Amino acid sequence: MTGPHCLVTGATGYIGGRLVPELLDSGHRVRCLARSPERLRDHPWAGRAEVVRGDVTDAGSVASALQGIDVAYYLVHALGTGRDFEDRDRDAARIFAEQARAAGVRRIVYLGGLTPTGIPPRELSPHLRSRAEVGEILLASGVPTTVLRAAVIIGSGSASFEMLRYLTERLPVMVTPSWVGTRVQPIAVRDVLRYLVGSATMPPEVSRTFDIGGPDVVTYEEMMRRYATVAQLPKRLIVRVPMLTPRLSSHWIGLVTPVPRALARPLAESLRHEVVCDEHDIAEWVPDPPGTPIGFDRALDLALQRVREADVTTRWSSASLPGAPSDPLPTDPDWAGGSLYTDRREIAVEASPTALWKVVEGIGGDNGWYSFPLAWAVRGWLDRLVGGVGIRRGRRDAARLRVGDSLDFWRVEEIEPGRLLRLRAEMRLPGLAWLEMYADPASDEETDRRTDAATGPGRRTLYRQRALFHPHGLLGHMYWWSVSPFHAIVFGGMARNIARAAERLDQD
């Protein structure tokens, strides 16, 4: 028997990207609504799910996506998109609720945030307040709705886990804000997914919120100490300093962890109040198998195992960050949209295309960018200072990339396996930027033409590299001309070192 037909919004995000295969494995049919469907192309489950283009703020695309749907998962939010993010969340939720009712959807499932008991909405952090309001809008839709409220989600790649991991691993002595003494009830991502999948088959008379959490209630300070124990780190010294506000804490978190200030601040603000489950009624409709919910230490161990094995399915950075450019690369070199500056490099490489591609696909993260590490590090720090993502996001997988992956302060826009890697810049820039790397088999004529006396004859592969920049306004043009004198060092050195790395790899 075929399960319900499910729509998943936010499938390019951390939870949505993990929920889709869980639903498919449970026998459900799945349709994904995505602003950029191509970003789901390389997921292992892509051939099993339908993907449609649309946006939750566009009533027409939402209505079309909801046709024939039984269960609609609402897993999007406008966190960090600016001061008006609460308005955006509110408008998108109303559109989704109205269209779900009009389409005859049998159930809406929403993953929100656990809010403290007895605290007026005006005293909540904007993040938690918006999550609560979205849940109320969906519950008032007239469609039976399940609102799951979770606090800190522990799983490989989650923002909460990455924040905890980097703070604990990098700081043996920590000067911390007072909110590290706040009690929270973390939950393993596996349990979150289990509850989400189980909610699809709830009876129509059930329409309410459910608190979901693991069996442990801990302070953030205790979470850091227990992480150190599970990760077999020396005991951490933690000193609380009351004057560290959530705003200051977000800067501190941004300096130490890969989580940018735009995400760190709402996470820190959410820890001002105690967030502990008041009930566990979800078990009546989604029973807990033996050994679940998973305890905090076990959740940490599972997440760390995934990290060590380089088997992280999705990361907090899977979804594009607010303010990041999203325009695709202009296909016409003489694009009518304005100037398009280009820096081109070509090198004939005495290595196979396979060896060269392995180096190209392994770029970034711990492998670095093959030129002037200090320059890349400084550029990353400057980006963090102006609220960007910086260069510390790293990679989801140490060896393999897929469209949509974050890669330090780039995002993978296109891959032609064995030939092309195109990255789109997500650092703060007065314009749009891309970096392309090609590994092409070189013909004898091309090899002879591009080989100089220093490199010698006999090359088998042609490495081509192209950096493109579309400036916005005068500042964009000034930016390009101010950095172009350094391109020979940064981009030229990068091309030469990638070629050398491929040649060494081919000789091993």
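The shown structure was predicted, so the numbers you read here are calculated from the model rather than taken from an experiment. For the numbers below, each heavy atom of this structure counts, side chains included, while hydrogens, waters and symmetry mates do not.
Sorted by first and then second residue, the salt bridge (charged side-chain N to carboxylate O under 4.0 Å, His left out) pairs with a member in residues 198-213 read Arg149-Asp211, Arg208-Glu279, Arg208-Asp281; sequence neighbours excluded. The ring-ring contact (aromatic ring centres under 6.0 Å, His included) contacts involving residues 34-64 comprise His43-Trp45, where partners must be two or more places apart or lie in separate chains. Applying the salt bridge (charged side-chain N to carboxylate O under 4.0 Å, His left out) test to pairs two or more places apart or on separate chains, none has a residue in residues 4-14. Within the structure, ring-ring contact (aromatic ring centres under 6.0 Å, His included) contacts touching residues 197-216 (residues at least two apart or in different chains) are Phe210-Trp285. Residue pairs meeting the side chain to side chain donor-acceptor pair (under 3.5 Å) criterion with at least one member in residues 61-71, sequence neighbours excluded, are Asp58-Ser61, Asp70-Arg106.
Using a 3.5 Å distance cut-off with no hydrogens or angles, the side chains of Arg107 and Thr146 do pair a donor with an acceptor. Side-chain polar atoms of Trp369 and Asp408 form a donor-acceptor pair below 3.5 angstrom.
The side-chain contact (heavy atoms from CB on, under 4.5 Å) test applied to Glu133 returns Arg90, Ile137, not counting sequence neighbours. Residues passing the salt bridge (charged side-chain N to carboxylate O under 4.0 Å, His left out) test with Arg101: none are found, sequence neighbours excluded. Residues meeting the salt bridge (charged side-chain N to carboxylate O under 4.0 Å, His left out) test with Asp42, sequence neighbours left out: none. Remark: His28 pairs with Pro4, Cys6, Leu23, Ser26, Val197, Ala200 by the side-chain contact (heavy atoms from CB on, under 4.5 Å) rule, at least two apart or across chains. Among residues two or more places apart in sequence or in another chain, the salt bridge (charged side-chain N to carboxylate O under 4.0 Å, His left out) test is passed with Asp301 by Arg298. In this structure Trp410 satisfies the side-chain hydrogen bond (donor to acceptor under 3.5 Å, both in side chains) test with no other residue, sequence neighbours excluded.
Here the options are Val134, Asp89, Val56, the test is side-chain contact (heavy atoms from CB on, under 4.5 Å), and the partner is Val76; only Val56 passes. With Arg194 as the partner, the side-chain contact (heavy atoms from CB on, under 4.5 Å) test is satisfied by one option alone out of Ile212, Ile294, Asp288: Asp288.
Between His280 and Tyr195, the ring-plane angle classifies as perpendicular under the 30° and 60° cut-offs.
Side-chain contact between Leu382 and Val378: present, with at least one pair of heavy atoms (C-beta onward) separated by less than 4.5 Å. By the 4.5 Å heavy-atom criterion applied to side chains, Val307 and Arg165 are counted as neighbours. Between Glu38 and Arg53, the closest side-chain pair of non-hydrogen atoms falls below 4.5 Å. Counting heavy atoms from C-beta outward, Val184 and Met223 have side chains that approach closer than 4.5 Å. Within the 4.5 Å cutoff, no side-chain heavy atoms of Leu164 are placed close to those of Val152. Inter-residue side-chain proximity for Val189 and Ile15 is flagged as met; some heavy-atom pair is nearer than 4.5 Å.
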Can you give the donor-acceptor pairs under 3.5 Å from side chains of residues 230-238 to other protein atoms, not counting sequence neighbours?
| unit_1 | atom_1 | unit_2 | atom_2 | d |
| --- | --- | --- | --- | --- |
| Arg236 | NE | Thr168 | O | 2.8 |
| Arg236 | NH1 | Pro234 | O | 3.0 |
| Arg236 | NH2 | Thr168 | O | 3.1 |
| Arg236 | NH2 | Glu169 | O | 3.2 |

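Checking side-chain atoms of Asn367 against main-chain N and O of Gly362 turns up a donor-acceptor pair under 3.5 Å.
Atom CG of Leu75 is separated from atom OG1 of Thr9 by 5.0 Å, given to the nearest 0.5 angstrom.
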